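Handing you this structure, nothing more for now.
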Amino acid sequence: MARHTPDGDNRPSARRPSVAAAVVACAVLCAAASAGPVVIGHRGNSSIAPENTLAAITAAVGSSWGVESDPRLTADGQIILMHDATVDRTTNGTGSVSSFTFDQIRALDAGYPDKFGSAFAGEQVPTMIEAVALADSHGMISCLDIKSNAPSLAATYVSLLAPYKNSVEIHCFNWDFLAAVEALDPGGFTLVALGSGDIAATLPTLPAGVDKLSWQNTSALTSAGIAAAHAAGIQVYAWTVNDASTMVTLRNMGIDGIVTDNTVLADAVLNTPTPQLGDGLPRRLHDGLMMNWTFDDGLANPTSSTAIDSARGLDARLGPTVLLPGQWVDGSGAKLGGALEFDGADDYAEVADSPLTSPMTNAVTISAWVKLDRLPSASTGSFQPILDSSQDAYVLYTDRSAGELRFKVTAGAAARPGIPETALDTTAWHHVVGVYDGGAGVARIYLDGQLMDMHADDGSGSDGLVGIVGTQSIFFGRNGSDTNSFFDGQLDDTAVWSRALSQTEIRGLYNSGTGRAVLAANPLATVALPVVRLDFEGNLANTGSGGATYNGALVDGATGTTAYTAGPRGQALAFNNPTGLTGGDYVRVPYTLTDAGTISFWCKPSAYYDFQTIFDNSADPEDWEMWVYSTGEARFRIESDAYVAFDLDNLAGPEEWYHMAVSWFRAGGGVVLNLYVDGLLRDVDEGTWANPGSFVYLAGGNADNDHGRLSLDDFRIFDTVLNTDEIVAILAGRDVPGDANGDGRVNGADAALLAANWLSADDPDWTDGDFNRDGVVDDLDLAILAAHWESPPGTPSVPEPGALVAALFGLIALGVVRRQRRGRRGRLARSCGEPSAPRKARLGRPAAAPSARFFSSDLKREWKTESRRV
């Protein structure tokens, strides 16, 4: 019997390409157990490709267990895929499907231009068997929602699908059709009844042979109904679910499958593992560089008709109207070397179509130096395309009606953060950077090193952006084949990365206004410096850049107590408070949160109860607070309509350490906010800005909020929005240059690790002292160690040479002797406290953590996995 169970032996393996694995590891909103709901693409992955086409099925590969599609009969009895009874909505034709022959259907363009423009022009309507065969070739189940479903047609489907019994499910609203299939081939096919309403009341009415239900997601779909179906041996899918919070709710109700338009989002929500602890920083600026055009080409050859891409050879060919040599701008008028001028009438440069233009990740960055000759409102056309494309995968342009210079990214959904015209001018060069960070679910735009706007998506939803960035044609100065809008201005040093640059990297490129060419320097990217950092090493001193002004102060309540105890990063502060409003201890920090910022910390709730405070503020008890419910849900809100949440019981429950981070960005009266737990994005929301107050309180403080019974460690406040790489780097203890063991300090313990691996040829990494990631531990790494020696984390300070450097070289000499005596295997076991094994078997070993007990259960498993690798 071909009964397909999501967690059974006949479940197709998750054939997730390495690219997709990298994508969803950053884009996840919620981790789930391996036996969680399967993902079924609704009409394929219809968020990024035309529904019911082979392109949509292909787009679901790597993120779907199955694909749902809609078979219908043509006038001559062929079975094709089409959801509607007519072809009007999704093709360039009109009329009912049943009035077309197969050849006539095949001649239609199914590229769904109303939704996808010309990106899928020429896509054909497939036959049912073509679709089933394609899905089967990729290990996916075809969930066939039979539209032409008269019981008399059952024999036709049974005959056609007989070779694919083990890779199809027959779904139908007409249960008599399902009964007819069962009568023709008892137990041969997996039968799924489509419907809605009270499941428990429906179960007695199901025909024999039904294995599953696929149920509309309404308030009638309850955990009790799902449990009743399970008791009857029947699994339950839910359709059509496109937001992450509902996916999490249904998973917690016990649903067996999610039917969704966005399979990348669903796979991220339901199936993504925790991030590798070795991930994160440091990076080099050139990591992930895809394209780089300097526009210096006219300096050497004023008649050159090509702008060279130094990264991948994706050169831009100048259009025939670009007047040479006059429009190559020399050094006196350019920003960095040479530049290219566009006249706003018909000038452009074109990069030939290439798959190399796709980041194939959930991240992309565009950096460009731009000098406008016309402000957005003065444009002759609706738009001024700067780096543009008809596909709009990632573009920079000005929008006349909005009065903005915008960055647009299309990744499942689309977002358009913008720079207002009031911040622009026509007299100076400006550095413009667009960043899509799918691991944070947001798109950002920067002007001259400053974050100007951040969007989670175009609508009012809170799911964020998590999709893969696709391929696109690239035009400078023109939007594809559109001849109505052109750029009027100059362009210099433009680059594209397949990752999200951090604000520190962007500021480095801006270089205080002087500009730094992308290829001129390759600095390490490190986490931005926190203004406030309470590391709780026996005191409440601020070791962040703000200094003693922002030291914490303990407010000693009548019945609360505090104690320093072991934490994930040295010592932590444990609060043993009453579960109420009065009498508890808390820490007060005299700091006013800025319009853009991040708070990062480790937290271990001792218990769950309503409404224990993690942190809050002095302004309003209902704003700027984070707390834990009795259910285990951790929630952060700026105001009542702007909040993000995650249920800690999805991971490990109380008495476990979690790394948490929240970030926010204010745009006018609105705000976008994010929540990460254990390095993964858990929720995104948009709402209204509220006054943050002049104090931040830890574990209570506002008289109207309950105190917390919990432990905190390494509490940091940043005045900038961190990107996903930076969040993961903090989690993994790989955020401070020179800190090899991940304890947040640069001292003798790190020097010992560097010494033990001096000049090692065994593929050293960050945890061995290879801080600049050049594959060897040498004097360059020693310089990094010395520059950060015993300084507040992240604060560069170069100590006097002499005793320190002599001591380091002494350690290095000692390490060489020990290596000769004990060998590589013994050194790894000694320095890392892990089982020793050949080095080449290791993949991204984490920084030496104090103990696996400091991590939630998911991270414990990751730690154990990494330990086995070493």
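Computed over heavy atoms, backbone and side chain alike; hydrogens, waters and symmetry mates excluded. Source: prediction; values computed, not measured.
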Roughly how far apart are Lys604 NZ and Leu712 CG, rounded to 0.5 Å?
11.5 Å
Distance from Leu281 atom CG to Ile727 atom CD1, nearest 0.5 Å?
10.5 Å
Looking at CD of Glu726 and OG1 of Thr720, how far apart are the two atoms once the value is rounded to the nearest 0.5 Å?
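Glu726 CD to Thr720 OG1: 7.5 Å, rounded to 0.5 Å.
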Nearest heavy-atom neighbours spanning Pro359 and Ala363:
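So the minimum-distance heavy-atom pair works out to CB-O, 3.6 Å.
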Criterion ring pair (Phe, Tyr, Trp, His ring centres under 6.0 Å) against Phe601, the qualifying member of Trp657, Tyr658, Phe718, Phe715
Phe715
Point-to-point distance, once rounded to the nearest 0.5 Å, from CD1 of Ile614 to CZ of Phe575
11.5 Å
If you take all heavy atoms of Thr494 and Ala368, which pair is closest and at what distance?
OG1-CB, 3.6 Å
Checking side-chain contact (heavy atoms from CB on, under 4.5 Å) between Val721 and each of Asp437, Leu673, Leu451, Asn674, which is the one that passes?
Leu451
Once ring-ring contact (aromatic ring centres under 6.0 Å, His included) is applied, do any residues pair with Phe665, and if so which ones, sequence neighbours excluded?
none
Which heavy atom in Ile784 sits nearest to a heavy atom in Pro737, and how many Å separate them?
CG2-CB, 3.7 Å
To the nearest 0.5 angstrom, please state how far the CZ atom of Arg516 sits from the OH atom of Tyr510.
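With rounding to 0.5 Å, CZ (Arg516) is 13.0 Å from OH (Tyr510).
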In this structure, which one of Val531, Thr549, Asn542 forms a side-chain contact (heavy atoms from CB on, under 4.5 Å) with Tyr591?
Val531
Of Leu753, Leu754, Leu782, Leu759, which meets side-chain contact (heavy atoms from CB on, under 4.5 Å) against Val777?
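Only match with Val777 under side-chain contact (heavy atoms from CB on, under 4.5 Å): Leu754.
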Value rounded to 0.5 Å, distance of CD1 in Ile599 from CZ in Arg716
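Answer rounded to 0.5 Å: 13.5 Å.
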Is the side chain of Asp493 donor-acceptor paired with the backbone N or O of Val518 at a distance under 3.5 Å, no angle test?
yes
Would you check if Trp497 and Val435 make a side-chain contact, meaning some heavy-atom pair closer than 4.5 Å?
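Trp497 does not reach Val435 side chain to side chain.
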Do Asp739 and Arg569 meet the salt-bridge criterion of a basic N to acidic O distance under 4.0 Å?
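A salt bridge is absent here (no side-chain N lies under 4.0 Å from a carboxylate O).
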Among all residues two or more places apart in sequence or in another chain, which pass the side-chain hydrogen bond (donor to acceptor under 3.5 Å, both in side chains) test with Ser600?
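For Ser600, the residues satisfying side-chain hydrogen bond (donor to acceptor under 3.5 Å, both in side chains) (neighbours in sequence not counted) are His659.
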Which atoms form the tightest heavy-atom contact between Tyr436 and Ala411, and what is the distance?
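Result for this residue pair: OH-CB, 3.5 Å.
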Given side chains that start at C-beta, do those of Pro605 and Leu648 come closer than 4.5 Å, heavy atoms only?
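With C-beta onward as the side chain, the pair touches.
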Check: Trp766 ring centroid to Phe771 ring centroid under 6.0 Å:
yes
side-chain hydrogen bond (donor to acceptor under 3.5 Å, both in side chains) for Thr594 and Asp719? Distances and angles first, verdict last.
CA-CA 6 Å; Thr594 54; Asp719 60 3; 5.8 Å; no
In terms of heavy-atom contacts, Asp267 and Ser63 come closest through CB-O, 3.4 Å
Looking only at heavy atoms, what is the nearest atom pair of Ser310 and Leu519, with distance?
OG-CD1, 3.1 Å
